[in-house]
Amino acid sequence: ASIEVALNRLLRQMQEAKLQQMRFVNDASHELRTPVSAIVGFLELLAKPELNGGQRKEAIELAGSTAQTLLGLIGNILDIDKIESGKYQITPQWSDVAQLVSQQCHTFDALAQQKGIVLHHHNALQEGIMLWLDPQALRQILNNLIGNALKFTAEGAIQVSCRLVQADETQGELTLIVSDSGCGISEAEQATLFHRYAQARQGRQQTGSGLGLLIVRRIVKEHGGSITLASQPGQGTTITVFLPRVERTIRLLPSSIPS
């Protein structure tokens, strides 16, 4: 009997290992698809003869920036299992969040242009402010949210904004908002979106595994934050990420340094 119990335990462990491997492959394919598509979009833009020298230079620079983001994402994909096992390591550093959000939005310019979507961002952060957080984790959050917004928006616009509500002299709550004019999501479907492999009806008509919001929620949770979703069918979607207790400081700007 003891041998049978041991064999059954071993079989369950092997089945769980196989399931974890399948989850890893799905996570990886979902995370890599969006930046790869962005790079392909930039390359297609470069093939257009009507581009002038300045436009070509900008497209090359943005493709390079997206490629760097892709490399960072590959590293973060390797941490997915660590997130689930509680071993995920946050690596905070002083970060220019306004610049980071702007750069991340620009990596989607080619895809937005191809679809005829207006993609713009609004920065309500104080000039020169630096925040103590994990910049690659923030890029991964934005990559998923903006990528999803583009996927499900056929026309109209996508708005990305960030602001900091100051709690005291050294800390505040960072708020990131991604709004789109896309197809929207019913209330019933919203209840399932943050579960593994869950997709709304429109999502099942697209490529992807429905892991984006799940990954975002887990990263946000590791930062002690929260995420909300507001949507109605045919009226677009707004996703808001709250990251509390973010330390802040002011970077000395050249104009403020005594000569």
Side-chain angles (χ1 to χ4, degrees), residues 23 26-27 30-31 34 69 72-73 76-77 79-80 82-84 86 88-92 95 97-98 100-101 104-105 108 119 121-125 131-153 158-165 167 171-200 202-203 206 208-233 235-247:
R23 288 174 177 173
N26 278 283
D27 285 341
H30 179 84
E31 286 294 282
T34 298
T69 298
L73 284 174
N76 266 341
I77 287 171
D79 289 333
I80 291 296
K82 292 182 180 179
I83 293 176
E84 296 186 340
Y88 181 73
Q89 296 294 320
I90 297 173
T91 309
S95 305
V97 171
L100 187 153
V101 173
Q104 197 64 21
C105 286
F108 289 92
L119 172 60
H121 68 278
H122 172 67
N123 169 40
L125 296 176
L131 302 180
W132 184 256
L133 47 71
D134 187 330
Q136 184 55 36
L138 187 60
R139 289 189 186 97
Q140 195 167 355
I141 290 171
L142 289 167
N143 180 70
N144 275 293
L145 296 184
I146 299 173
N148 274 353
L150 273 171
K151 183 185 295 184
F152 300 115
T153 302
I158 295 170
Q159 169 80 37
V160 181
S161 61
C162 59
R163 65 173 183 264
L164 184 73
V165 179
Q171 290 188 336
E173 180 181 68
L174 176 65
T175 302
L176 301 171
I177 304 173
V178 178
S179 299
D180 65 61
S181 59
C183 57
I185 308 166
S186 70
E187 186 174 347
E189 290 177 318
Q190 289 179 39
T192 68
L193 281 185
F194 291 97
H195 295 81
R196 182 179 288 274
Y197 306 117
Q199 290 179 293
Q202 292 292 334
Q206 304 279 345
S209 57
L211 292 169
L213 290 180
L214 174 64
I215 293 170
V216 169
R217 186 184 69 169
R218 290 182 176 175
I219 293 176
V220 170
K221 184 178 179 180
E222 290 295 323
H223 285 75
S226 60
I227 181 171
T228 64
L229 184 149
S231 182
Q232 291 185 12
Q235 298 185 24
T237 300
T238 296
I239 295 179
T240 306
V241 171
F242 302 95
L243 299 179
R245 300 183 301 278
V246 178
E247 293 187 40

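Owing to the predicted nature of the structure, the values given are computational and were not obtained by experimental measurement.
Listed by chain and residue number, Gln235 satisfy the side-chain contact (heavy atoms from CB on, under 4.5 Å) test with Gln232 (two or more places apart in sequence, or in another chain).
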Item to check | CA sep, side-chain torsions, deciding dist, call: Ile239, Val216, side-chain contact (heavy atoms from CB on, under 4.5 Å) | outcome: CA-CA 11 Å; Ile239 295 179; Val216 169; over 6 Å; no

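Val101 places none of its side-chain heavy atoms less than 4.5 Å from the side chain of Asn123. Residues Thr91 and Gln136 fail the side-chain proximity criterion, which asks for heavy atoms closer than 4.5 Å. Two residues are said to be in side-chain contact when any heavy atoms from C-beta on lie closer than 4.5 Å; Arg139 and Leu100 meet this criterion. Looking at heavy atoms from C-beta onward, His122 lies out of side-chain contact with Ile177 at the 4.5 angstrom threshold. For the pair Leu131/Ser95, no side-chain contact is recorded, criterion being any heavy-atom separation below 4.5 Å from C-beta on. Within the 4.5 Å cutoff, no side-chain heavy atoms of Val178 are placed close to those of Asn148. Using a 4.5 Å heavy-atom threshold, the side chains of Val97 and Val246 count as separate.
Residue pairs meeting the side-chain hydrogen bond (donor to acceptor under 3.5 Å, both in side chains) criterion with at least one partner in residues 173-183, sequence neighbours excluded, are Ser179-Thr238.
The nearest pair of heavy atoms linking Ile227 to Arg217 is CG2-CG, 4.0 Å. Of all non-hydrogen atoms in Ser231 and Gly184, the two that sit nearest each other are OG-CA, 3.3 Å. Closest approach of Val220 to Leu243, counting heavy atoms only: CG1-CD2, 4.1 Å. Nearest heavy atom pair, residue Pro244 against residue Gly225, reads CD-CA, 3.5 Å. Taking each heavy atom of Leu176 and Cys162 in turn, the nearest pair found is CD2-CB, 3.5 Å. Closest approach of Asp134 and His223 over heavy atoms only: CB-NE2, 3.7 Å.
We find the CG-CD distance between Leu174 and Glu247 to be 13.5 Å, quoted to the nearest 0.5 Å. Rounding to the nearest 0.5 Å places CZ of Phe152 at 9.0 Å from OG1 of Thr237.
Tested against His121, the residues Leu142, Val160, Ile146 include a single side chain to side chain contact (heavy atoms under 4.5 Å, CB included) partner, Val160.
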